[in-house]
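Structure first, then comments.
Note: hydrogens, waters and symmetry copies are ignored here, and every other heavy atom, side chains too, is used. Not measured: the values here are computed from a predicted model.
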Amino acid sequence: MPTVVVAEWKAHRVERVVDELHGLGVEAMGVECNILERPSIDAAIAATAEKSGRIDGLINNAHTFTAKVAVADVAKKTWTSNHGTVKGTLWAMQAAYPHMKAQGWGRIVNFASAAGITGMAEYGAYNASKEAIRALTRTARASGDATHRRQRDRAGAASKRGLDSAARNEAAYREFLKDHPMGRQGDPEDDIGPVALFLCSDGCRFLTGQTFMVDGGGFLFA
C-alpha cells in the first residue's frame, strides 16, 4: 500500500492529519517541514525516501496570503513573504527530482491561483508569486527529463475552517459568489483532492506542464 506523507510546519497539524488517515486505513507518516528553509525540505524528502524507498508523487500546496495593498505600496516584507512559497516549491521539486529520475517515474503537482492570470486587484505580490510557480512548472516540463510535471490551479478552493458562518455572511464574500456558476467555493477534500489524485496517476500520462482551472467555473467570469 502506498504511503501518504504529510509535510506541515506545525507539529499538531501533522499529528492530526496522520491520525485521521490512519483512521481511514491509509498508510501514512508525518514530517515537520518549513518550506522557507531548504534544509527542512531536503530532510522531509530524505525521510520519505528512507521510509518508502521511493517517491512517486509530490504535491506542492504551501502558500501564504497577505493583506491588500496597491502595487505602488508593496513593501519588501510583503514581496518576500509571498515569494517564499515560490522558493519552497522549487526546492521541493529539486529535492524530489533525483529520486524520480532514478526510478524513471514520478508526478509533481504544483498548486497556484487564477489570481496570477486575472491580476486580482491589490494583490500584486501574491499574483506574481503564483505566476512564478506556473512558470517553474512549464519550464520543468520543457526540460524533457524522465519525470512529468503537472500543474493545477486552486482558485475557488477554501478549507472548511475558512468557510465558517462569519465568512459566509460578509458582504464582500457574498458579492464574490454572486455570479459564481456553482454558487460556492470548492471543498478541498471533495472537489480538489480527486483532481490532484488524478494528476498523480497514469490516467493522465500524456499530459504535462498544464494549468487546470479547478474552480467550479469561477474563472469564466474572472
Side-chain angles (χ1 to χ4, degrees), residues 6 8 13 16-17 20 24 35 57-74 78-79 81-86 88-89 107-138 141 149-201 203-204 207-222:
V6 180
E8 160 64 41
R13 291 182 177 177
R16 182 185 67 205
V17 176
E20 181 180 353
L24 295 171
I35 66 158
L58 170 67
I59 307 291
N60 281 313
N61 187 34
H63 295 270
T64 188
F65 205 71
T66 50
K68 287 185 175 182
V69 61
V71 172
D73 300 320
V74 173
T78 300
W79 184 267
S81 175
N82 279 279
H83 282 260
T85 62
V86 182
T89 297
R107 300 289 188 267
I108 297 178
V109 180
N110 294 331
F111 277 61
S113 172
I117 297 175
T118 63
M120 188 167 59
E122 299 184 299
Y123 286 103
Y126 176 83
N127 298 346
S129 69
K130 303 313 135 192
E131 282 302 278
I133 290 174
R134 243 186 294 276
L136 278 175
T137 304
R138 289 192 295 268
R141 183 274 310 167
R149 272 77 172 187
R150 320 289 186 217
Q151 178 174 329
R152 58 139 312 227
D153 199 288
R154 72 184 184 95
S159 67
K160 291 184 175 69
R161 186 175 64 253
L163 293 178
D164 57 22
S165 58
R168 288 195 299 270
N169 290 330
E170 290 180 358
Y173 185 77
R174 292 198 302 272
E175 184 66 22
F176 173 76
L177 291 181
K178 185 176 65 174
D179 296 324
H180 195 288
M182 294 193 179
R184 65 177 179 85
Q185 288 275 54
D187 180 84
E189 293 182 21
D190 297 334
D191 300 319
I192 310 302
V195 178
L197 182 60
F198 164 69
L199 293 175
C200 285
S201 74
C204 63
L207 184 152
T208 186
Q210 301 295 321
T211 293
F212 281 70
M213 308 305 293
V214 188
D215 61 357
F219 184 69
L220 295 173
F221 66 84

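- Residues F111 and A196 approach most closely at CZ-CB, 4.3 Å, considering heavy atoms.
- For D191, the side chain to side chain donor-acceptor pair (under 3.5 Å) partners at least two apart in sequence or on another chain are R184.
- Here E8 contributes atom CD and I35 contributes atom CD1; the two are 10.0 Å apart, rounded to the nearest 0.5 Å.
- Sequence neighbours left out, not one pair with a member in residues 118-129 passes salt bridge (Lys or Arg N to Asp or Glu O under 4.0 Å).
- Closest approach of P181 to G217, counting heavy atoms only: CG-O, 3.4 Å.
- Atoms CD1 and OG1, on I108 and T208 in that order, are 9.5 Å from each other to the nearest 0.5 Å.
- A side-chain donor from one of N110 and T137 sits under 3.5 Å from a side-chain acceptor of the other.
- The minimum heavy-atom distance between A114 and M213, with the atom names listed, is CB-CE, 3.4 Å.
- Partners of A132 under the side chain to side chain contact (heavy atoms under 4.5 Å, CB included) rule, at least two apart in sequence or in another chain, are V86.
- Here the side chains of C200 and I59 are in contact, with some heavy-atom distance below 4.5 Å.
- Between T85 and K130 there is a side-chain heavy-atom pair separated by less than 4.5 Å.
- The two atoms that bring D190 and P194 nearest to each other are O-CG, 3.5 Å, heavy atoms only.
- Applying the side chain to side chain donor-acceptor pair (under 3.5 Å) rule to E20 yields no partners; only residues at least two apart in sequence or on another chain are considered.
- When each of N127, T66, T64 is checked for a side-chain hydrogen bond (donor to acceptor under 3.5 Å, both in side chains) with N82, only T66 meets the rule.
- Separation of atoms OG1 (T89) and CG (N61) is listed at 9.0 Å; rounding is to 0.5 Å.
- At distances below 3.5 Å, not a single donor-acceptor pair connects side-chain atoms of S81 with backbone N or O atoms of T78.
- Partners of V71 by side chain to side chain contact (heavy atoms under 4.5 Å, CB included), not counting sequence neighbours: none found.
- Taking the six-membered ring where tryptophan is involved, the planes of Y123 and Y126 are perpendicular, since the angle between them exceeds 60° and thus also 30°.
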Check the pair T211, R134 against side-chain contact (heavy atoms from CB on, under 4.5 Å), reporting the backbone distance first and the verdict last.
CA-CA 8 Å; T211 293; R134 243 186 294 276; 3.4 Å; yes
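- One distance of note links CE of M120 with NZ of K68; it measures 8.0 Å at 0.5 Å rounding.
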